[in-house]
Amino acid sequence: MKRISNKKGLFALSPLLVFITLYLVTSLIAGDFYKVPIVVAFMVASIYAIAVSGGFPLTKRITTYSRGASTENMMLMLWIFVLAGAFAQSAKQMGCIDATVNLTLSVLPGNMLLAGLFLASCFISLSIGTSVGTIVALVPIAAGLAQSTGASVPMMTAVVVGGAFFGDNLSFISDTTVAATSSQGCKMSDKFRANSYIVMPAALLILLIYIFMGMGIHSPQNIAEVNVLKVLPYIIVLVMAVFGMNVMAVLTLGIVLTGLIGIVDGSYDLYGWFGSMSDGILGMGELIIITMMAGGLLEIIRENGGIDYIVEKMTAKVRGKRGAELSIGTAVVLVDICTANNTVAIITVGGIAKQIGDRYGVDNRKCASILDTFSCFAQGIIPYGAQMLMAAGLSQLNPMEILPYLYYPFALGFAALLSILFRYPRKYS
């Protein structure tokens, strides 16, 4: 890797510092995260990034920014946002969410809602290997449950986000698992075992916390009669997702089902269905703009050497196995913060992590687990990550409102850190 000076490296990262200062620091001073809209913070940081990227004509700088805003993965995510908005709103308007909430309230006692929702999120994400798909399916239901029981909407949303990252981290078909095991040259099954020893205690602890917290939640006494037909779109969407159907195909199927059932049921006519889809898509407008600007901003940072600088600094003074593992975990967290994509962060750091691991005798299964776990921890808590933005959009919240309730992602990062400091699981350490 080409050595990058401190001056150049910090300068390359300065757009991210501008964003953090403008959005986070200013909001904390004001005591209100709505004072500075996140879309404005990204716009200012993006203009700054393009303006200060010297050595290139303005047209080339804008082209670089636009390339980052329109990568293949980025456009795929945006299409998912569009379909998710259309499905969520058409399902809501035809009564799908209310029916599903009533079914859940009739099946689960109030004190098991949090724990049940967390377990459902863990199971679905583990089955389908995608945190985004899990969030799309369950956040509207979680928000509806919160409103019906008087629970906190941000907390219920955070329960789903946390469970979604459980599967993102462990699933055999997750992009992060594929990237981590491929870069370290180990089997998925071996990585799963090593990873399980690290994160299962954290998941069980959070489950117990949710059981305890759920004791204060009481289900409504008069639950409306459940219309099973209106629950059908969510059931089919979940089943198809669990069986591995592409998330875009799943959402398209859900949209068609909500339209057919809603029209037959009389919830809306054809034009009403079209209108609800339009409202849902337009409701995702800010989310789409934020995602594109974040992609462009982070591409400018990468082009100027910001990512390489982080990796270089994190690996410069490695001493022994513990230091090697800490440097790998820190590097993937910082790269994830700069790219807002845990799979990209693993791919970026994976090659260097392999070299460090081989040099200091780190088990490749432990190394893959560290890469995956720390990247999911970082992705789970950054307010501008796709998962947090999606969850906030579907529950009509600010991402910062969800952040304090993200117990599992924080527990995930803490468990990974403890596994390094105390050298466990022993078999892989």
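- With hydrogens and angles ignored, the 3.5 Å screen pairs a side-chain donor or acceptor of T181 with a backbone N or O of V178.
- Distance alone, capped at 3.5 Å, is enough to place a donor-acceptor pair between the E401 side chain and the N398 backbone.
- Within the model, atoms CE of M277 and CD1 of I281 stand 7.0 Å from one another, a figure rounded to the nearest 0.5 Å.
- Side-chain contact between K366 and I198: present, with at least one pair of heavy atoms (C-beta onward) separated by less than 4.5 Å.
- Without hydrogens or angle criteria, S66 side chain to G296 main chain gives no donor-acceptor distance under 3.5 Å.
- If you check the side chains of Q387 and S131, you find a donor sitting under 3.5 Å from an acceptor.
- A distance-only check finds no donor-acceptor pair linking the side chain of N342 to the backbone of Q379 [under 3.5 Å].
- In this structure, K354 contributes its side chain and S183 its backbone to no donor-acceptor pair below 3.5 Å.
- V250 has its side chain out of reach of I236: every pair of non-hydrogen atoms, C-beta onward, lies at least 4.5 Å apart.
- For S276 (side chain) and W273 (main-chain N/O), a donor-acceptor pair under 3.5 Å exists by modelled atom type.
- Residue A391 comes nearest to S395 through the heavy atom pair O-OG, 2.7 Å, listed as atom of the first residue, atom of the second, then distance.
- Looking at every heavy atom in both residues, A142 comes nearest to L117 through CB-CD2, 3.6 Å.
- The shortest non-hydrogen separation linking C376 to F165 is O-CD2, 3.7 Å.
- Heavy atoms only, all atoms of each residue included: S121 and T134 are closest at O-CG2, 3.7 Å.
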Do any side-chain atoms of residues 405-420 form donor-acceptor pairs under 3.5 angstrom with protein atoms, and if so which ones, sequence neighbours left out?
{"residue": "S419", "atom": "OG", "partner": "A416", "partner atom": "O", "Å": "2.6"}

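- Aromatic ring centres of Y268 and F274 lie farther apart than the 6.0 Å criterion allows.
- M293 is listed as a side-chain neighbour of V39, based on a closest heavy-atom distance under 4.5 Å.
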Next item on the list: Start with the C-alpha gap between V82 and I288, add the side-chain angles, then the distance that decides, and say whether side chain to side chain contact (heavy atoms under 4.5 Å, CB included) holds.
Entry: CA-CA 8 Å; V82 168; I288 291 170; 3.8 Å; yes

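- N169 and N195 share a side-chain donor-acceptor pair at under 3.5 Å.
- Using a 4.5 Å cut-off on side-chain heavy atoms (C-beta onward), L126 and C122 make no contact.
- Atom CD1 of I346 sits about 6.0 Å away from atom CG of L371, to the nearest 0.5 Å.
- Residues I135 and V161 form a side-chain contact, since some pair of their non-hydrogen atoms from C-beta on lies under 4.5 Å apart.
- Taking the side chain as every heavy atom from C-beta outward, I50 and L58 approach each other to under 4.5 Å.
- Counting only N and O atoms by type, the side chains of Y309 and N6 include a donor and acceptor under 3.5 Å apart.
- A 6.0 Å sphere centred on NZ of K92 holds no more than 12 heavy atoms belonging to other residues, nucleotides or ligands.
- Using a 4.5 Å heavy-atom threshold, the side chains of K230 and S267 count as touching.
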Note to self: side chain to side chain contact (heavy atoms under 4.5 Å, CB included), that's the test. Do T64 and R61 meet it? Break it down for me.
What the structure shows: CA-CA 5 Å; T64 300; R61 286 178 257 169; 5.7 Å; no

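- Taking CD1 of I62 as the reference point, atom OG of S46 lies at 11.5 Å (rounded to 0.5 Å).
- Closest non-hydrogen pair, L389 versus P399, comes out as CD2-CG, 4.1 Å.
- Between I337 and the options L298, V332, L13, I382, a side chain to side chain contact (heavy atoms under 4.5 Å, CB included) holds for only I382.
- Atom-to-atom distance recorded for D358:CG and Q184:CD is 8.0 Å, nearest 0.5 angstrom.
- The backbone N or O of G306 sits nowhere less than 3.5 Å from a side-chain atom of N304 that would complete a donor-acceptor pair.
- We find the CG-CE distance between L78 and M284 to be 11.5 Å, quoted to the nearest 0.5 Å.
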Note to self: Run the side chain to side chain contact (heavy atoms under 4.5 Å, CB included) test on L83 and F87 for me, step by step, so that the C-alpha distance in whole Å, both residues' side-chain angles and the decisive distance to 0.1 Å come before the verdict.
What the structure shows: CA-CA 6 Å; L83 292 172; F87 172 62; over 6 Å; no

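- A donor-acceptor contact closer than 3.5 angstrom links the side chains of S14 and Y48.
- When the salt bridge (charged side-chain N to carboxylate O under 4.0 Å, His left out) test is applied to D372, the partners found at least two apart in sequence or on another chain are K191.
- For the side chain to side chain contact (heavy atoms under 4.5 Å, CB included) with L138, the lone residue among V159, V160, T157 that qualifies is V160.
- Using a 4.5 Å cut-off on side-chain heavy atoms (C-beta onward), M390 and V139 make no contact.
- Every residue two or more places apart in sequence or in another chain that forms a side-chain hydrogen bond (donor to acceptor under 3.5 Å, both in side chains) with E299 is listed here: R67, R302.
- For the residue pair T258 / S90, a side-chain donor-acceptor distance below 3.5 Å is found, with atom types taken as modelled.
- Summarising the geometry of L251 relative to A84, their closest heavy-atom pair is CD1-N, 3.8 Å, with the distance given to 0.1 Å.
- Without hydrogens or angle criteria, R365 side chain to C186 main chain gives no donor-acceptor distance under 3.5 Å.
- In this structure, S174 contributes its side chain and S171 its backbone to no donor-acceptor pair below 3.5 Å.
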Next item on the list: Go through the steps for C96 and V231 under the test side chain to side chain contact (heavy atoms under 4.5 Å, CB included), then give the verdict.
Entry: CA-CA 5 Å; C96 184; V231 180; 5.9 Å; no

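- Rounded to the nearest 0.5 Å, atoms CG (L297) and CE (M292) are 13.5 Å apart.
- No donor-acceptor pair closer than 3.5 Å links the side chain of S148 to the backbone N or O of L145.
- Classified by interplanar angle (parallel below 30°, tilted 30° to 60°, perpendicular above 60°), the ring pair F19/Y384 is perpendicular.
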